[in-house]
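What follows is one structure encoded as structure tokens, with my remarks underneath.
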Amino acid sequence: MLRIRYELIRFRKDLARYTMSDLRYKHAPSIWSIGQMFDHLILVAEEYLEEADRCLRGEGELGGEKTSFGEKLFERGDFPPIKIELPPEMNQPPNNTDSKDRLRERMTILISKMDMLESRLNDADDNRKTLHGGFGWLNAREWFNLIEMHTRHHRRQQRDLETWLRQKDL
């Protein structure tokens, strides 16, 4: 579980090297900025933490299976190295207005929430699950682990965005 904490702290540290212009730069209209990627990481992690918390509170359902994609994802422990397109109704562009300080603050709050929730995972009933739209029924530990997989997935996107930033300045 330390791995997710490490990834988020690393992303938070990365903020220091970006200017506000860097955070908001969009290589193309359909490509997110680095600031949007950070916003997305935080929002999705908060959503997954809420689902894990629901499982820990005894909400959700008993049982339930993952989808075949969900099974493969958890067997592999990683998202495939592809861009994943969400359905249009779930694909609203993330916020592109937060300052570096605001993003850093949001990341710090997220890490604190994760630390608090992680301390409760030992008491989790692995049969208590809530539904993820693409991966099927997940328990608290799986929701928590999904945060780390999702965060690592966006590390690749960060490298691409940084490449476009460097090319912009040439």
Side-chain angles (χ1 to χ4, degrees), residues 1-16 18 23 32 34-82 84 86-87 89-95 97-158:
M1 301 288 180
L2 289 175
R3 189 173 178 177
I4 181 53
R5 192 172 205 289
Y6 168 77
E7 283 293 328
L8 290 172
I9 289 171
R10 199 170 135 204
F11 266 108
R12 186 178 63 190
K13 284 181 180 178
D14 289 347
L15 280 168
Y18 301 123
L23 284 177
W32 289 352
I34 290 174
Q36 287 176 299
M37 180 197 67
F38 272 91
D39 182 67
H40 171 77
L41 283 174
I42 295 164
L43 288 176
V44 169
E46 287 173 341
E47 176 189 335
Y48 291 176
L49 280 176
E50 178 58 33
E51 292 301 320
D53 188 53
R54 285 185 60 215
C55 294
L56 289 166
R57 290 192 317 256
E59 297 174 14
E61 304 292 328
L62 288 173
E65 302 297 323
K66 292 179 191 71
T67 62
S68 61
F69 186 77
E71 284 292 341
K72 289 175 189 159
L73 178 80
F74 280 91
E75 284 171 15
R76 184 183 156 128
D78 199 6
F79 280 80
I82 58 170
I84 298 172
L86 295 173
E89 66 275 6
M90 296 175 65
N91 202 17
Q92 297 304 311
N95 180 16
T97 62
D98 276 354
S99 68
K100 282 192 335 182
D101 288 341
R102 179 65 184 133
L103 288 169
R104 189 178 301 106
E105 175 186 9
R106 289 174 64 203
M107 287 292 258
T108 300
I109 292 167
L110 174 63
I111 292 165
S112 294
K113 286 179 183 177
M114 290 186 68
D115 289 345
M116 287 189 295
L117 189 130
E118 183 180 17
S119 69
R120 297 169 45 213
L121 285 177
N122 289 336
D123 300 325
D125 174 355
D126 287 343
N127 290 314
R128 182 68 62 183
K129 301 176 181 183
T130 59
L131 184 62
H132 182 285
F135 308 137
W137 292 91
L138 306 178
N139 64 39
R141 288 180 230 283
E142 291 166 331
W143 281 108
F144 196 85
N145 290 331
L146 191 58
I147 297 167
E148 192 267 333
M149 287 188 268
H150 180 256
T151 302
R152 262 190 297 121
H153 173 71
H154 283 284
R155 186 62 72 184
R156 292 185 287 265
Q157 179 186 21
Q158 182 186 25

For E61, all residues meeting salt bridge (Lys or Arg N to Asp or Glu O under 4.0 Å), sequence neighbours excluded: none
Kindly indicate, with the supporting measurements, whether the criterion side chain to side chain contact (heavy atoms under 4.5 Å, CB included) is fulfilled by H132 and L146. CA-CA 11 Å; H132 182 285; L146 191 58; 4.0 Å; yes
Any heavy-atom pair between the side chains of L56 and D123 that's under 4.5 Å? no
Kindly write out the residues that satisfy side chain to side chain donor-acceptor pair (under 3.5 Å) with D125, not counting sequence neighbours, or none if the list is empty. none
Would you check if E65 and W137 make a side-chain contact, meaning some heavy-atom pair closer than 4.5 Å? no
Quick one: list whatever passes salt bridge (Lys or Arg N to Asp or Glu O under 4.0 Å) with D126, sequence neighbours left out. R141
Give the ring-plane orientation class for H154 versus H40, where under 30° counts as parallel, over 60° as perpendicular and anything between as tilted. perpendicular
Are F135 and F69 an aromatic pair, judged by ring center distance below 6.0 Å? yes
Qualifying residues under side chain to side chain donor-acceptor pair (under 3.5 Å), relative to T67, sequence neighbours excluded: none
Any side-chain heavy atom of R120 sitting closer than 4.5 Å to one from D53? yes
With sequence neighbours left out, write down each residue that passes side chain to side chain contact (heavy atoms under 4.5 Å, CB included) with K66, or none if nothing qualifies. E71, F74, L138, E142
Under 4.5 Å between any side-chain heavy atoms of Y48 and V44, yes or no? yes
Side chain to side chain contact (heavy atoms under 4.5 Å, CB included) involving N122 - partner list, sequence neighbours excluded: none
Closest non-hydrogen contact found for R128 with E59 is CD-O, 2.6 Å
Report the C-alpha separation of R5 and E148 in whole Å, then their side-chain angles, then the decisive distance to 0.1 Å, and conclude whether the side chain to side chain contact (heavy atoms under 4.5 Å, CB included) test is met. CA-CA 8 Å; R5 192 172 205 289; E148 192 267 333; over 6 Å; no
D98 vs F38, test: side chain to side chain contact (heavy atoms under 4.5 Å, CB included). Steps then yes/no. CA-CA 9 Å; D98 276 354; F38 272 91; over 6 Å; no
For R12, side chain to side chain contact (heavy atoms under 4.5 Å, CB included) partners two or more places apart: I9, R104, M107, T108, I111
SB check E75 K72 (cutoff 4.0 Å): no
Rounded to the nearest 0.5 Å, how far apart are NE2 of H150 and CG of D78? 12.0 Å
Assess whether salt bridge (charged side-chain N to carboxylate O under 4.0 Å, His left out) is satisfied between D14 and R155, documenting all intermediate values. CA-CA 11 Å; D14 289 347; R155 186 62 72 184; 2.7 Å; yes
If the threshold is 4.0 Å, N to carboxylate O, is there a salt bridge linking E7 and R152? no
According to the ring-ring contact (aromatic ring centres under 6.0 Å, His included) rule, which pairs have a member within residues 98-118, sequence neighbours left out? none
Flag for T97-N95: side-chain donor and acceptor within less than 3.5 Å: yes
Enter the distance from I34:CD1 to F11:CZ here, rounded to the nearest 0.5 Å. 10.0 Å
How far apart are the C-alpha atoms of T151 and L8, what are their side-chain angles, what is the distance that settles it, and do they pass the side chain to side chain contact (heavy atoms under 4.5 Å, CB included) test? CA-CA 8 Å; T151 302; L8 290 172; 4.1 Å; yes
Could you list the residues that satisfy ring pair (Phe, Tyr, Trp, His ring centres under 6.0 Å) with Y18, not counting sequence neighbours? none
Nearest 0.5 Å, please: how far is OG in S112 from CG in L117? 12.5 Å
State which residues pass side chain to side chain donor-acceptor pair (under 3.5 Å) with T130; sequence neighbours excluded, sorted by chain then number. E51, W143
Atom pair OG/CG of S68 and L73 - distance to nearest 0.5 Å: 11.0 Å
Quick one: which of L43, L41, I42 gives a side chain to side chain contact (heavy atoms under 4.5 Å, CB included) with D39? L43
Answer whether the closest heavy-atom distance between the side chains of L23 and K100 falls below 4.5 Å. yes
Mind checking side chain to side chain donor-acceptor pair (under 3.5 Å) for E47 and listing every partner two or more places apart, or none if nothing turns up? none
Look up atom CH2 in W32 and atom CE in M37, then write down how far apart they are to the nearest 0.5 Å. 9.5 Å
Applying side chain to side chain contact (heavy atoms under 4.5 Å, CB included), name anything that partners K113, two or more places apart in sequence or on another chain. E46, L49, I109
